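Heads up: the structure comes next, in structure tokens.
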Amino acid sequence: MKSSRTLGLVMIAPAAVMIVLFFLMPVVLTAVFSMTNMTTATGISGGVYQIAPNSLIALKSAMPEIATEMAEPRYTIDEAGLKAVEGLGLAPGIAAELRAKHTGEVFPARRDVERMIKDLAERPSTREVKQISEQFNRSVLNTRFDSKGQLFSALDGLGFQLTPEQKEIVAKTTYTGWTWTSDNFSRMARSPDMARVLFNTVLYVALVLTLFNVGYALLLAILTHYMPPTPASIFRGIWLLPRITPVVIYVLLWKWLAWDSGFISILMGKFGYPPKNYLLDTAYNAWFFVVLINGFIGASMGMLVFSSAMKAIPKSQFYASEVDGASRWQQIRYIILPQMRWPILFVTCYQTLSLLASFNEILLATNGGPGNATEVWALSAYHTALRNYAGNLEYGLGAAMALVLVVIGVVLSLLYLRVFNYGTLVAQPLIED
Amino acid sequence: MTILPTLKSLTIAAAILASSSAIALAKDVHISVWAGGTGPNDIYRLDAIEIAAQQLQREAALKGEDLKITVEKKPYSAWEDFKQALTLAAEAKTAPNIVVSGHEDIAPWSQAGLIVPIEDYVDLDSWPLSDIYENLLQIASYNGTVYGIPQDAESRPMFFWKPYMKAIGYSDADLDALPQSVQDGKYTMKNLLEDAKKMQDKGLVQPGYGFYPRTSNGPDYWQFYTSFGGTMEEDGKLVFDKAAMTRTYQFFADAVKSGVTKKNHIGMPGDQWWKEVATGKAGIWDGGTWHYARLVNQEGLKDFFGNVIFTLIPAGEGGKANTLTHPLVYLLTAGHDQEDTEIAAQLVKIASEPRTNALHAVKSAHLGISKSESTVDFYSADRWTREATERLLPHANAMPNNSDFGKYWNIMWKNLEASWTGAKTVDAAVGDAESELKSTLGDKIVIR
């Protein structure tokens, strides 16, 4: 017995690795990212220390004099620089000419010193000019330091008299990378738009789930249950079409239906109505189409699950009820629905979770419009973290939004299990080990 | 009989070249270039690099080097997809060597270390870079360092459909004077809405087609903010001018309320918009100088100057007439072999030569980047580029190169859309924008 258990663990190991890599890690990483202020500007892999004019603006309020001094770019032709140039292995005339003609000169900007270098008799190439000018750089401005240590030693080297606290302030204001923060959550809590997006999400999930994914799916299953087998199969097949059509094409068909130049506009034009974009005309219209587009896809899954579950109900129960004179409605109420608890739990739970995370149909149809009326949480997280016109992708905030979705999903799953009393639904296996 | 000596010297030269190149190591370089917002008219953003590669190979051959450059080109028609792809590729160290993007990306990308300063690889004092307009080079700089080489310039004018303007009472002389009266602040945003309404009332255009602005987010909307007195940045700090933003949001809310702009205008299919403005379905609209190329080449508007007049964006209350230039820039990405990056920089430099750049300017109806480009006959003979350069470019602003501008932009746009569609009142939208800007940017933005 014991060996078979060990073997079982070994057999399941690849799957366990997969689960950790592809299911657990994304959630863990999302949680980690959500505690950062990561954006395009901070990068993902970490930052450097750069005393640039823009960071000096922030430093100015804390240490005005030091900030002004740091803002001074200086290029000094001194002996140390000349020695360094000699060590570069360039034409020997270059260092000699610099020493003879330019020792002691100070240039305020890199461009100025480079112009002088380009005027040397043995004109160096552009790459060499940059190498030479760097040897005379006696300023920290616009230099990127990989670590705090390098930054501090450069500051010390240039004679800045800074206390350890001041150094830390400089390091903090000049750091270009991301830092740990819980601001994303407070931003979410305070933002009126986030509240609206949350409301949109609840509305979206509730409408699609109750009207279509469960309600309409159940109706379809019951209707086809009472149909002869062939028409029932054809009917179910038709309802599967939205599910099996590629989503881009499926949404495009809806757009052709609802656009200014689409079918509805053309049809209504025959009755004298001017063409309009029915899809984005008002928030109500947009919601109407968003619910239909998603509902038509979602209904098919529930329909299949419910249909097969109904087939499992012993026929004898229906025959007996007919003999007793039960109506169709009574059959549905007293035979079908009571035995559908498990499939309804499964479909409700599964579809809630998939609706919470799904946004591709909305992205393609309305992109959250008009005026963010159909922007749901998952879409908003996507727009924030990965796709917006301005190109500033806020990975940290987007991850925090995604994490909220994960938490809601987990909480809802637990809630469903409790409400539907999962323990009694899962029968004890008959074969014990 | 001079042909013989010529032939002889040519043969010798060829022999020397052949032998020297045989000795020199053959070098195969692969340079990839991606360009955002690039439709069929803008293909020289990529092709210019290929032309430059030809030139550089020839120069190398003369120096006895066997240099073979393969250029891999990738156009992206939309901006969102492009920026997502590029940012993620750069983070994964698989970015192309050269990127053509908006100048506003320089700040965040350079801060994140995704791009390297082009001034480290090219001599800005040498031609053709020394000839590029100084203000464009400024726009391509961040922290006092030149990161990119402007690939084009442009501006974003207001367009009027001439026949309708005449039908509501403008004479030819009035129309000829319109650009000047917009520039002088005599023709304002208020007049624009009135004229749009008149066009609709007379039945010249359908309701909602009087003023037909851009259908999606874009730099255009900052022009309206400027027009109503707004400032985007001051002394390196972003600025949110509440009064100016209120007037901007109100303008679009009023346009919708008076029925000259559709409530559901944002998000409509782009192709439909193009077709409608090209066929006179719309009365007044805003767009970019490059729209000329699309209207004339793809949308079949043959007599552009007979049908359309263009001006600066008129002044609104508290502001002045303006336009915005949004140069795309050639940028070099980090993480490549130094030599490859140097070659990429050389290609950018050669591609910026006036005649090569003029190919892009004329084909795509963008504006030139250098002084000598306007002396290239091919460029100056083109009426559109000439007139647009003269009339618009001197009044052009640019968006700030600030690593936080993208966040500001997203918040500004989101609330503009909400007030436009009536999802929020103008005051609520401005209030929400203000509170979100405060919690997002803190003291990095001045709110007044």
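Just so it is clear, the structure is predicted and the values come from calculations on it, not from any experiment. Order of the sequence lines fixes the chain letters, A, B, ..., with proteins taken first and strands second; residue numbering starts at 1 for each chain.
Within a 6.0 Å radius of OH in A:Tyr175, other residues, nucleotides and ligands contribute more than 12 heavy atoms. In the displayed structure, B:Lys281 atom NZ is contacted under 6.0 Å by more than 12 heavy atoms of other residues, nucleotides or ligands. Other residues, nucleotides and ligands contribute at most 12 non-hydrogen atoms within 6.0 Å of the CD atom of B:Glu339. Under a cut-off of 6.0 angstrom, the local environment of CH2 in A:Trp256 is sparse, with at most 12 non-hydrogen atoms contributed by other residues, nucleotides or ligands. Enclosure of atom NZ in A:Lys255 by more than 12 non-hydrogen atoms of other residues, nucleotides or ligands within 6.0 angstrom is indicated.
Interatomic distance, A:Ser261 OG to B:Glu276 CD, rounded to the nearest 0.5 Å: 8.0 Å. Taken from OG in B:Ser110 to CZ in A:Arg144, the straight-line distance is 7.0 Å, to the nearest 0.5 Å. Here A:Lys276 contributes atom NZ and B:Lys263 contributes atom NZ; the two are 10.0 Å apart, rounded to the nearest 0.5 Å. Atom CG of residue A:Leu397 and atom OG1 of residue B:Thr440 lie 7.5 Å apart, to the nearest 0.5 angstrom. The structure places OG of A:Ser45 at 5.0 Å from CD of B:Glu91, a figure rounded to the nearest 0.5 Å.
With a 4.5 Å cut-off on non-hydrogen atoms, B:Trp420 does not touch chain A at all. Looking at A:Tyr395, only its side chain comes within 4.5 Å of chain B, counting heavy atoms on both sides. Only the side chain of B:Leu88 comes within contact range of chain A, with heavy atoms under 4.5 Å apart. Proximity to chain A is limited to the side chain of B:Asn415, based on heavy atoms less than 4.5 angstrom apart. Of the atoms belonging to A:Ile44, heavy atoms from both backbone and side chain fall under 4.5 Å from chain B. For chain B, the nearby part of A:Thr39 is the side chain; its heavy atoms alone come within less than 4.5 Å. The part of A:Lys118 that comes within reach of chain B is its side chain, from C-beta onward, which places non-hydrogen atoms under 4.5 angstrom from that chain. The parts of A:Leu386 that come within reach of chain B are both its backbone and its side chain, each placing non-hydrogen atoms under 4.5 angstrom from that chain. When heavy atoms are compared at a cutoff of 4.5 Å, B:Glu342 approaches chain A solely by way of its side chain, counted from C-beta outward. Heavy atoms closer than 4.5 Å to chain B are found in the side chain of A:Asp193, but not in its backbone. In this structure, chain A has a heavy atom under 4.5 Å from the side chain of B:Gln338, while its backbone stays farther away. Contacts of A:Pro370 with chain B are made by both backbone and side-chain atoms, with heavy-atom separations under 4.5 Å.
Closest of all the heavy-atom pairs between A:Ala52 and B:Asn143 is CB-ND2, 3.0 Å. Residues A:Ala390 and B:Gly406 approach most closely at CB-O, 3.6 Å, considering heavy atoms. Nearest heavy-atom pair, B:Glu417 versus A:Gly371, reported as atom, atom and distance to 0.1 Å: OE2-N, 3.2 Å. The minimum heavy-atom distance between B:Tyr121 and A:Lys130, with the atom names listed, is N-CE, 4.3 Å. Here the closest non-hydrogen pair linking A:Thr40 and B:Ala112 is O-CB, 3.1 Å. Taking all atoms of both residues into account, the shortest heavy-atom contact from B:Lys83 to A:Tyr389 is NZ-O, 3.5 Å.
With a 4.5 Å cut-off on side-chain heavy atoms, A:Arg111 and B:Glu119 count as touching. In this structure, the side chains of B:Lys424 and A:Asn372 stay at 4.5 Å or more apart for every pair of heavy atoms. In this structure the side chain of A:Arg196 never reaches within 4.5 angstrom of the side chain of B:Asp432, judged on heavy atoms. The side-chain heavy atoms of B:Ser435 and A:Arg190, taken from C-beta on, include no pair separated by under 4.5 Å. Looking at heavy atoms from C-beta onward, B:Gln84 lies in side-chain contact with A:Tyr382 at the 4.5 angstrom threshold.
Among A:Thr42, A:Asn184, A:Thr384, A:Asn142, the residue making the largest number of heavy-atom pairs under 4.5 Å with chain B is A:Asn142. Between chain A and the options B:Ser403, B:Ala429, B:Ala423, the largest number of non-hydrogen pairs under 4.5 Å is found for B:Ser403. In terms of heavy-atom pairs under 4.5 angstrom with chain B, the leader among A:Pro192, A:Gly177, A:Gly391, A:Ala58 is A:Pro192. Ranked by heavy-atom pairs shorter than 4.5 Å toward chain A, the options B:Thr87, B:Asp443, B:Thr145 are led by B:Thr87. Most heavy-atom pairs under 4.5 Å with chain A, from the set B:Gly218, B:Ala428, B:Gly422, B:Gly208: that is B:Gly218. Ranked by heavy-atom pairs under 4.5 Å with chain A, the first of B:Val122, B:Asp404, B:Leu86, B:Asn402 is B:Val122. Interface check for chain A: of the options B:Lys407, B:Lys444, B:Glu436, the most heavy-atom pairs under 4.5 Å are formed by B:Lys407.
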Between A:Asn54 and B:Tyr142, does the side chain to side chain donor-acceptor pair (under 3.5 Å) criterion hold? Intermediate values first, please. CA-CA 9 Å; A:Asn54 73 326; B:Tyr142 182 55; 2.7 Å; yes

Residue pair A:Arg127, B:Asp120: steps toward the salt bridge (charged side-chain N to carboxylate O under 4.0 Å, His left out) verdict: CA-CA 7 Å; A:Arg127 186 87 205 119; B:Asp120 286 357; 6.0 Å; no

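Side chain of A:Asn388 to main chain of B:Asn410: no donor-acceptor pair is present (N/O by atom type, distance under 3.5 Å, no hydrogens or angles).
Looking at B:Leu124, B:Asp123, B:Asp125 one by one, the single match for side-chain contact (heavy atoms from CB on, under 4.5 Å) with A:Arg115 turns out to be B:Asp125.
A salt bridge does not link A:Glu375 to B:Lys414: none of the charged side-chain nitrogens sits closer than 4.0 Å to a carboxylate oxygen. Looking at A:Asp260 and B:Lys262, a side-chain N of the basic residue comes within less than 4.0 Å of a carboxylate O on the acidic one, giving a salt bridge.
Residues from residues 264-271 of chain B that place a non-hydrogen atom less than 4.5 Å from a non-hydrogen atom of chain A comprise B:Asn264, B:Ile266, B:Gly267, B:Met268, B:Pro269, given in numerical order.
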